[in-house]
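Scope of the values below: all heavy atoms of this structure, side chains included, with no hydrogens, waters or symmetry mates.
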Amino acid sequence: MKILAVFFLLLCPLLLVTEARAGTPNLQTTGEEAELYSRFETDLEELRQLLKIPGFSAGLVKDQQLVWAKGFGQVDLENQVEASPSTPYHLASLTKPFAAAIVMQLVEQGVLSLDDPVSNYGVNLESPGVVRVKHLLSMTSEGNPGEGYHYNGDRYSLLSQVIEGATGRTFQELLIERILEPLELSHTAPSQEDLAGLGERDFSPINEALARPYTLDRDYNVVAGQYPDHFSAAAGLISTVEDLAKFDAAMDQNLMVSPETKARMFAPTVA
């Protein structure tokens, strides 16, 4: 069974989506399933307390139906707001798959090529070789491009500039047009700081419902944290367990890109 799990340093968001595909919630269960979910809930709550996570949300999807979803703990300790399946969280680096989908859509349409030098789009990096779009996407842009994997969110964020250079439009605009609106991701939004000029859609309710950030001090006490204040292809998207399941479903069902393109996305870049 496929499990996607993300732990954030800010502690408040932990998003779990299992076998995520399209569908509407169907929380009617048999006695055996109810017992299984009950044990799973107990395990997750023990995990939350062990890791001192104030709150998180989780969801399970089976046969293209959301069969279980639940919030654990609180996402706003001061106001005692309980976590729920519709609680928005900062996704941090889970923004990257959304950006990758858009880049590969542009590749399919012939707007850009993975072999294009990033310098074609105003991205100038010192390098012993030619840094290409595929190198930013695969985290292989450092050293001799394409030869080694080095995780670097700052490098990945430069794909925002590539997207805008290729299309004349921002990553935010294409994100809304190509993913949020077609998939009806009604609880997903760019961070509040980057909403100017994005049309008539009002993202403020999503930002207002956003889980509060927390961290641990030196004595492992939960204290207020701070979210990053930027949005790019690398980070900054806000979403929910339910919306992430929809996006994962769209990828599984080849609604975002063709099967051939998806295979190319998941193929190893380096040994």
Side-chain angles (χ1 to χ4, degrees), residues 2 4-9 15 90-180 188 190-191 193-194 228-239 244 247-248 250-252 254-271:
K2 178 177 61 178
L4 306 179
V6 179
F7 293 81
F8 295 132
L9 294 178
L15 308 184
H90 249 290
L91 298 189
S93 286
L94 278 190
T95 305
K96 292 179 174 68
F98 288 79
I102 290 176
V103 170
M104 296 309 293
Q105 287 176 353
L106 297 177
V107 170
E108 285 186 334
Q109 295 163 5
V111 176
L112 59 79
S113 168
L114 291 180
D115 291 321
D116 286 344
V118 296
S119 58
N120 290 2
Y121 305 104
V123 178
N124 296 303
L125 297 169
E126 292 187 9
S127 174
V130 178
V131 178
R132 304 182 187 278
V133 175
K134 62 185 179 184
H135 298 140
L136 292 183
L137 274 171
S138 59
M139 300 284 188
T140 60
S141 67
E142 298 184 75
N144 291 319
E147 291 188 2
Y149 175 85
H150 301 279
Y151 186 92
N152 189 325
D154 290 338
R155 288 281 181 115
Y156 200 95
S157 70
L158 296 174
L159 287 169
S160 296
Q161 194 171 337
V162 170
I163 291 170
E164 188 165 359
T167 66
R169 305 180 66 195
T170 66
F171 168 51
Q172 293 95 316
E173 291 173 320
L174 295 185
L175 173 70
I176 294 168
E177 179 184 295
R178 292 170 175 256
I179 299 180
L180 304 195
T188 303
S191 61
E193 293 77 8
D194 288 85
D229 59 359
H230 66 280
F231 178 81
S232 72
L237 192 63
I238 296 167
S239 191
L244 282 180
F247 175 69
D248 186 71
M251 291 298 296
D252 283 349
N254 305 313
L255 299 179
M256 292 286 93
V257 295
S258 69
E260 295 77 17
T261 295
K262 187 173 72 175
R264 190 177 184 186
M265 293 171 72
F266 283 89
T269 301
V270 294

Participant: Which residue in the set H135, K134, R132 passes side-chain hydrogen bond (donor to acceptor under 3.5 Å, both in side chains) when paired with D115?
Facilitator: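 Answer after filtering H135, K134, R132: K134.
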Participant: For the residue pair M251 and M265, establish whether any side-chain heavy-atom pair is separated by less than 4.5 Å.
Facilitator: yes
Participant: Check whether any side-chain heavy atom of V257 sits under 4.5 Å from a side-chain heavy atom of R264, and report yes or no.
Facilitator: no
Participant: Would you please say whether a donor-acceptor pair under 3.5 Å links the side chains of S160 and S157?
Facilitator: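 No - no donor-acceptor pair under 3.5 Å links their side chains.
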Participant: Donor-acceptor pair, K96 side chain versus G153 backbone, under 3.5 Å?
Facilitator: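 It does not hold such a pair.
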Participant: In the structure I gave you, are the side-chain heavy atoms of R155 and L125 within less than 4.5 Å of one another anywhere?
Facilitator: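 Side chain of R155 against side chain of L125, heavy atoms only: contact under 4.5 Å found.
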Participant: CG/L174 to CG/L180 distance, rounded to the nearest 0.5 angstrom?
Facilitator: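 One gets 11.0 Å once the value is rounded to the nearest 0.5 Å.
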Participant: Looking only at heavy atoms, what is the nearest atom pair of M256 and R178, with distance?
Facilitator: CE-O, 3.9 Å
Participant: Can you find a pair of side-chain heavy atoms, one from L158 and one from V118, that are under 4.5 Å apart?
Facilitator: no
Participant: Which heavy atom of T269 sits nearest a heavy atom of S138, and at what distance?
Facilitator: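 Between these two residues, the closest heavy atoms are OG1-CB, 3.3 Å.
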Participant: Does some side-chain heavy atom of T95 sit less than 4.5 Å from a side-chain heavy atom of F171?
Facilitator: yes
Participant: Search all heavy atoms of E108 against all heavy atoms of T261 and return the closest pair with its distance.
Facilitator: OE2-OG1, 2.6 Å
Participant: Between A234 and Y156, which heavy-atom pair has the shortest distance, and what is it?
Facilitator: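 Smallest heavy-atom distance, with atoms named: CA-CD2, 4.0 Å.
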Participant: Start with the C-alpha gap between L237 and T188, add the side-chain angles, then the distance that decides, and say whether side-chain contact (heavy atoms from CB on, under 4.5 Å) holds.
Facilitator: CA-CA 7 Å; L237 192 63; T188 303; 3.9 Å; yes
Participant: Flag the pair L112 / Y121 as yes when at least one side-chain heavy-atom distance between them is below 4.5 Å, and no otherwise.
Facilitator: yes
Participant: Distance from Y151 atom OH to M139 atom CE, nearest 0.5 Å?
Facilitator: 4.5 Å
Participant: Taking C-beta and beyond as the side chain, do V133 and V107 meet within less than 4.5 Å on heavy atoms?
Facilitator: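 When only atoms from C-beta onward are counted, V107 and V133 do not touch, as no gap falls below 4.5 Å.
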Participant: Using every non-hydrogen atom in the two residues, find where I179 and A101 come nearest and quote the distance to one decimal.
Facilitator: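 Where I179 meets A101 most closely, the heavy atoms are CD1-CB, 4.4 Å.
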Participant: Is there a side-chain contact between V103 and L137, using heavy atoms and a 4.5 Å cut-off?
Facilitator: yes
Participant: Between E173 (side chain only) and T170 (backbone N and O only), is there a donor and an acceptor less than 3.5 Å apart?
Facilitator: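 At least one qualifying donor-acceptor pair exists.
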Participant: Taking all heavy atoms of F231 and all of S191, pick out the closest pair and write down the distance.
Facilitator: CB-OG, 3.5 Å
Participant: If you measure from CD on E260 to CE on M104, what distance do you get to the nearest 0.5 Å?
Facilitator: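 With rounding to 0.5 Å, CD (E260) is 11.5 Å from CE (M104).
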